[in-house]
J.: 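So that we are looking at the same thing, I have put the structure below in structure tokens.
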Protein chains: 2
Amino acid sequence: MPEPRPSNPLLFLREEEIRQGMELLYFGYRGFTAGPDSVLRPLGFGRAHHRVLYFVGRNPNMTVSALLGILRITKQSLSRVLKELVAKGFVLQRPGTTDRRQRCLALSAAGEALEKQLFEAQRQTLARAYREAGAQAVEGFRRVLFMLADVDGHAYLLGHGAGAPPARRGAR
Amino acid sequence: MPEPRPSNPLLFLREEEIRQGMELLYFGYRGFTAGPDSVLRPLGFGRAHHRVLYFVGRNPNMTVSALLGILRITKQSLSRVLKELVAKGFVLQRPGTTDRRQRCLALSAAGEALEKQLFEAQRQTLARAYREAGAQAVEGFRRVLFMLADVDGHAYLLGHGAGAPPARRGAR
DNA sequence: GCAATATGGCAGTGATGTTGACTTATATGC
DNA sequence: GCATATAAGTCAACATCACTGCCATATTGC
């Protein structure tokens, strides 16, 4: 057995520890995203549609450019997905009140129902993991992921006060 | 301000908390995977190539079916990616010693160099997040992600003793 | 009026995944 | 030894999701 596990918690950055973290991210994210696919496939939708439904549901009457800023994809990529969601009646577009060039996005009743169904699938997965891991682990989970997010992610996460700005407890 | 944050840690499963976790996973995973792309693009490679390089590097002389079992993609999807990696000299194929139908996969010297470069990019991202979040947070991060992984993920993670089997401290 | 902005659209391309059917080489059971 | 199973590779066809580049339309702001 090469080099025993360090008991000193300050030495946790060995390559094996890092690789384990990488693999956990890969398998964990895969397990987390597996759920909604079975709901989306029969409707002819994919992950991109899910992301749009999610963020539009969470930010009613958001503009197209706001959504583009969150998803960080091109206008054309979003356009196709959005057009399908509007055509099938899951998303509503209305001109902005102050600026009529804008198209404000919101979920229709059907869109809300679908988003709720997708949310429920992932809620159960995540809630179960939270319960098994414990509240303290959840706090660490959130703090590490927040640090992994880029500046755009931080801007979004901090802009939605519901979330805790993960200041490090007892930070040096 | 609707419904104040519960001080009781047993009530952390409200919808807002769950949605925050979903968003953290999305933005955190995106930030984590952003690094290697700039290295891979000039070589004509993508994320699929990265995953193959990663797991072959980590499991030298693994068989094609073992890799298929880890990645959970079809033989055809893997085949295309693998063929390109072999053609460009990053991955070596050798017949198995006991079963000559098998093709055992390993990284060439160039493959190891490339994998190391990709690893370094993500190691820095992850190590920085670990440092900022603290050792205790890292433990929670790992435990939640482990619970999110599916059975295939668990089988892989537990099969590589380097990782800690995330038994819950003080579990009920 | 005119430049900038918000949005939508078209054409083409590429990476990644899928299904289904088929081939080749080798191993194994009887 | 021969039938069958298995490991791997291959081909055709297709879907999703992203990209670039270019252009059109409506509206705003100066």
Side-chain angles (χ1 to χ4, degrees), chain A residues 26 29-30 33-34 36-56 61-88 91-106, chain B residues 26 29-30 33-34 36-56 61-88 91-106:
Chain A
Y26 174 64
Y29 192 78
R30 191 173 78 179
T33 53
D37 290 356
S38 56
V39 179
L40 293 163
R41 184 114 359 183
L43 293 166
F45 293 153
R47 290 232 183 117
H49 303 83
H50 185 192
R51 289 193 282 267
V52 169
L53 284 170
Y54 180 89
F55 285 108
V56 170
N61 288 315
M62 73 189 309
T63 66
V64 172
S65 33
L67 187 52
L68 282 173
I70 291 172
L71 296 176
R72 283 203 324 192
I73 58 177
T74 58
K75 195 174 45 167
Q76 293 74 8
S77 295
L78 175 59
S79 182
R80 187 187 338 103
V81 171
L82 203 49
K83 191 159 49 175
E84 291 166 0
L85 287 169
V86 170
K88 294 189 181 172
V91 170
L92 304 173
Q93 282 178 324
R94 281 175 306 193
T97 53
T98 69
D99 186 339
R100 284 190 305 173
R101 291 171 303 180
Q102 298 176 336
R103 303 290 177 92
C104 294
L105 306 172
Chain B
Y26 174 64
Y29 193 77
R30 191 172 78 178
T33 53
D37 289 357
S38 56
V39 179
L40 293 163
R41 185 117 357 186
L43 293 166
F45 292 153
R47 292 235 181 114
H49 303 82
H50 185 193
R51 288 193 283 267
V52 169
L53 284 170
Y54 180 88
F55 284 108
V56 170
N61 288 314
M62 75 189 309
T63 65
V64 172
S65 32
L67 186 52
L68 282 173
I70 291 171
L71 296 176
R72 284 203 325 192
I73 57 176
T74 58
K75 196 171 44 166
Q76 292 73 10
S77 295
L78 176 58
S79 182
R80 188 182 335 105
V81 171
L82 202 49
K83 193 158 48 176
E84 292 166 0
L85 286 169
V86 170
K88 293 189 180 171
V91 170
L92 304 173
Q93 284 177 321
R94 281 174 306 192
T97 52
T98 69
D99 187 338
R100 285 189 305 173
R101 290 173 304 181
Q102 297 176 335
R103 302 290 177 92
C104 295
L105 306 173

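Each chain gets a letter, A, B and so on, in the order the sequences are listed, and its residues count up from 1. If you're wondering where the values come from, they're calculated on a predicted model, not measured in any experiment.
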J.: Identify, with sequence neighbours excluded, every residue that meets side-chain contact (heavy atoms from CB on, under 4.5 Å) alongside Arg100(B).
T.: none

J.: Can you pull out the residues from residues 70-83 of chain B that lie within a 4.0 Å heavy-atom distance of DNA chain C?
T.: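 Residues of residues 70-83 of chain B under 4.0 Å from DNA chain C: Arg72(B), Ile73(B), Thr74(B), Gln76(B), Ser77(B), Arg80(B).
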
J.: Less than 4.5 Å apart, side chain to side chain, heavy atoms only: is that true for Thr63(A) and Arg103(A)?
T.: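 Not touching, per the 4.5 Å side-chain cut-off.
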
J.: Need to verify one output field. Residue with the more 5' nearest nucleotide on DNA chain C, Ser65(A) or Glu84(B)?
T.: Ser65(A)

J.: Where along residues 42-52 of chain B does a heavy atom fall under 4.0 Å from DNA chain D?
T.: none

J.: With sequence neighbours left out, what residues match Arg101(A) under side chain to side chain donor-acceptor pair (under 3.5 Å)?
T.: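 Arg101(A) satisfies side chain to side chain donor-acceptor pair (under 3.5 Å) with Asp99(A) once adjacent residues are dropped.
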
J.: In the structure I gave you, are the side-chain heavy atoms of Leu85(A) and Leu53(A) within less than 4.5 Å of one another anywhere?
T.: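 A side-chain contact under 4.5 Å exists here.
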
J.: By ring-ring contact (aromatic ring centres under 6.0 Å, His included), which residues pair with His50(B), not counting sequence neighbours?
T.: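 If we apply the ring-ring contact (aromatic ring centres under 6.0 Å, His included) test to His50(B), skipping adjacent residues, there are no hits.
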
J.: Give me each pair satisfying salt bridge (charged side-chain N to carboxylate O under 4.0 Å, His left out) with a member in residues 76-87 of chain A, each pair once, sequence neighbours excluded.
T.: none

J.: Output the residues of residues 92-103 of chain B in contact with DNA chain D, where contact means a heavy atom of the residue under 4.0 Å from an atom of the strand; sort by number or write none.
T.: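 The answer is Gln93(B), Arg101(B), Gln102(B), Arg103(B).
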
J.: Quick one: list whatever passes salt bridge (Lys or Arg N to Asp or Glu O under 4.0 Å) with Arg47(A), sequence neighbours left out.
T.: Asp37(A)

J.: Does the side chain to side chain contact (heavy atoms under 4.5 Å, CB included) test come out yes or no for Val81(A) and Arg51(A), once each step is laid out?
T.: CA-CA 10 Å; Val81(A) 171; Arg51(A) 289 193 282 267; over 6 Å; no

J.: What residues form a ring-ring contact (aromatic ring centres under 6.0 Å, His included) with Tyr26(A), not counting sequence neighbours?
T.: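 In terms of ring-ring contact (aromatic ring centres under 6.0 Å, His included), with neighbours along the sequence ignored, Tyr26(A) is linked to Phe55(B).
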
J.: Using the side-chain contact (heavy atoms from CB on, under 4.5 Å) criterion, which residues pair with Leu78(B)? Sequence neighbours excluded.
T.: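 Expected list: Val52(B), Val64(B), Leu67(B), Leu68(B), Leu71(B), Ile73(B), Leu82(B).
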
J.: Taking side-chain contact (heavy atoms from CB on, under 4.5 Å) as the definition, give me every residue that meets it alongside Lys88(B), ordered by chain and number, with sequence neighbours left out.
T.: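 Per chain and number, Lys88(B) pairs via side-chain contact (heavy atoms from CB on, under 4.5 Å) with Phe45(B), Phe90(B).
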
J.: Might you work through the side chain to side chain contact (heavy atoms under 4.5 Å, CB included) test for Leu43(A) and His49(A), ending with a clear yes or no?
T.: CA-CA 10 Å; Leu43(A) 293 166; His49(A) 303 83; over 6 Å; no

J.: Quick check for you: name the first and last nucleotides of DNA chain D, 5' to 3', having an atom under 4.0 Å from a heavy atom of chain B.
T.: dA5(D) to dC11(D)

